[in-house]
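Counting begins at 1 with the first residue of the sequence.
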Amino acid sequence: MIININTVYLATEGEGVHIGTPQIFIRFQGCNIGCVNCDSKETWDFSSNGVELEELIAQVEALASSNTLPIRRVSITGGDPLHPQNTPGLLALVKVLKSMGYYINIEAAGTRVVDEVFELVDYISFDYKTPSTEVRTSKKVLAGFISKYEGKSQIKSVILDKKDFDYTYD
């Protein structure tokens with residue numbers, strides 16, 4: 001199976017409740033959400049050479065064993081790994097990583113809930129889009145997410161200014 005991947009790298013989580021935790025990041029290619037303040041606009045294009053699932057797992061395993069202590073945490077981000085075009089590859093990837101004993105965090109854009117994925121992963125970091133992104137998070141989607149995945153999730157926002165802060169606070 002070919003999966004649209006932008007990059008795979010080892011880094012320390014820089015946000016949320018897992019801040020400071022070494023993880024292997026798998027950044028998917030392809031996103032049509034269009035946040036104006038996106039920090040990875042190079043992932044927006046859906047055209048990609050793609051990576052075979054087996055090759056991707058080999059990259060993860062190589063990074064996992066390259067550290068003094070083995071890394072057993074993977075953070076899946078994007079682009080938009082939950083875009084319908086990416087979901088089949090994402091599901092296959094998550095199933096293999098879980099069978100290998102990895103802890104999986106997914107960074108979700110806050111625009112869709114994909115129960116089949118969310119029920120498999122260990123943790124979900126869900127965005128609440130603020131006015132500076134020029135994208136809206138549906139409050140109905142957010143409320144449903146909170147009630148269904150409380151205890152294995154966090155809500156995060158990019159706060160650029162007081163308008164974003166007040167919007168999020170309200």
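Y167 and D161 share no donor-acceptor pair across their side chains, judged by distance under 3.5 Å alone. Side-chain N/O atoms of Q154 and S125 include a donor and acceptor closer than 3.5 Å. Defined by atom type and a distance below 3.5 Å, a donor-acceptor pair is missing between the side-chain atoms of T43 and N6.
M1 approaches P88 most closely through the heavy-atom pair SD-O, 3.9 Å. N105 approaches Q23 most closely through the heavy-atom pair CB-OE1, 4.3 Å. Shown here for G89 and I3, the closest heavy-atom pair between the two residues is O-CD1, 3.5 Å.
Using a 4.5 Å heavy-atom threshold, the side chains of R112 and P84 count as touching. Between Q85 and D80 the shortest side-chain heavy-atom distance does not fall below 4.5 Å. Between I26 and L97 the shortest side-chain heavy-atom distance falls below 4.5 Å. Looking at heavy atoms from C-beta onward, W44 lies in side-chain contact with C38 at the 4.5 angstrom threshold. Residues V114 and T87 form a side-chain contact, since some pair of their non-hydrogen atoms from C-beta on lies under 4.5 Å apart. Counting heavy atoms from C-beta outward, V8 and I24 have side chains that approach closer than 4.5 Å.
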Legend entry - Steps toward side chain to side chain contact (heavy atoms under 4.5 Å, CB included) verdict (L142, F126): CA-CA 9 Å; L142 185 63; F126 201 76; 3.9 Å; yes

Inset, instruction - Please test I76 against V94 for side chain to side chain contact (heavy atoms under 4.5 Å, CB included), starting from the C-alpha separation and ending with a verdict. - result: CA-CA 9 Å; I76 298 172; V94 168; 3.8 Å; yes

Legend entry - Pair L53-V96, side chain to side chain contact (heavy atoms under 4.5 Å, CB included): steps then yes or no: CA-CA 9 Å; L53 177 58; V96 171; 4.1 Å; yes

Legend entry - Intermediate values then yes/no, side chain to side chain contact (heavy atoms under 4.5 Å, CB included), S66 and L10: CA-CA 9 Å; S66 69; L10 181 61; 4.1 Å; yes

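Looking at Q29, its side chain does come within 3.5 Å of a backbone N or O of E42 through a donor-acceptor pair. Under a 3.5 Å cut-off, the side chain of E52 and the backbone N or O of E54 do not form any donor-acceptor pair. The backbone N or O of E13 lies less than 3.5 Å from no partner atom in the side chain of T21, so there is not a single donor-acceptor pair. Under a 3.5 Å cut-off, the side chain of T12 and the backbone N or O of P22 do not form any donor-acceptor pair. Remark: the backbone N or O of S47 is not paired with any side-chain donor or acceptor of N4 at under 3.5 angstrom. A donor-acceptor pair under 3.5 Å links the side-chain atoms of D164 to the main chain of L160, judged by distance alone. D127 contributes no side-chain N or O that, together with a main-chain N or O of K129, makes up a donor-acceptor pair within less than 3.5 Å. No donor-acceptor pair closer than 3.5 Å links the side chain of S157 to the backbone N or O of I159.
To the nearest 0.5 Å, the span separating CZ on R136 from NZ on K139 amounts to 8.0 Å. For the atom pair CD1 (I104) and CG (L120), the distance works out to 8.0 Å, reported to the nearest 0.5 Å. With values rounded to the nearest 0.5 angstrom, C35 atom SG is found 9.5 Å from K41 atom NZ. Between E107 atom CD and S75 atom OG the span is 4.0 Å, to the nearest 0.5 Å.
F25 and I106 are members of different hydrophobic clusters when ILVMFWY side chains are connected at heavy-atom separations under 4.5 Å. A continuous path of ILVMFWY side-chain contacts below 4.5 Å connects Y149 to I155, so both sit in one hydrophobic cluster. Hydrophobic cluster membership is shared by I124 and L93, with clusters built from Ile, Leu, Val, Met, Phe, Trp and Tyr side chains linked at under 4.5 angstrom. Residues Y128 and V158 are members of separate hydrophobic clusters, defined by side-chain heavy-atom contacts under 4.5 angstrom among Ile, Leu, Val, Met, Phe, Trp and Tyr. When the side chains of ILVMFWY residues are joined at heavy-atom separations under 4.5 Å, either directly or via intervening members, M100 and V117 end up in a single hydrophobic cluster.
Relative ring orientation between F145 and F118 is described as perpendicular, the plane-to-plane angle rising above 60° on a 0-90° scale split at 30° and 60°.
Taking 4.0 Å as the cut-off between side-chain N and carboxylate O, R72 and E61 count as a salt-bridged pair. Of the charged side-chain nitrogens involved, none lies within less than 4.0 Å of a carboxylate oxygen, so that D122 and K152 do not count as a salt-bridged pair.
V51 pairs with exactly one of I2, I5, I57 by the side-chain contact (heavy atoms from CB on, under 4.5 Å) rule, that one being I5.
Taking the six-membered ring where the residue is Trp, the centroids of Y103 and Y123 are separated by 6.0 Å or more. The ring of H83 has its center closer than 6.0 angstrom to the ring center of F46.
Considering only residues two or more places apart in sequence or on other chains, R27 meets the side-chain hydrogen bond (donor to acceptor under 3.5 Å, both in side chains) condition with Y9, S40.
Remark: E116 CD is loosely packed, at most 12 non-hydrogen atoms of other residues, nucleotides or ligands lying under 6.0 Å away.
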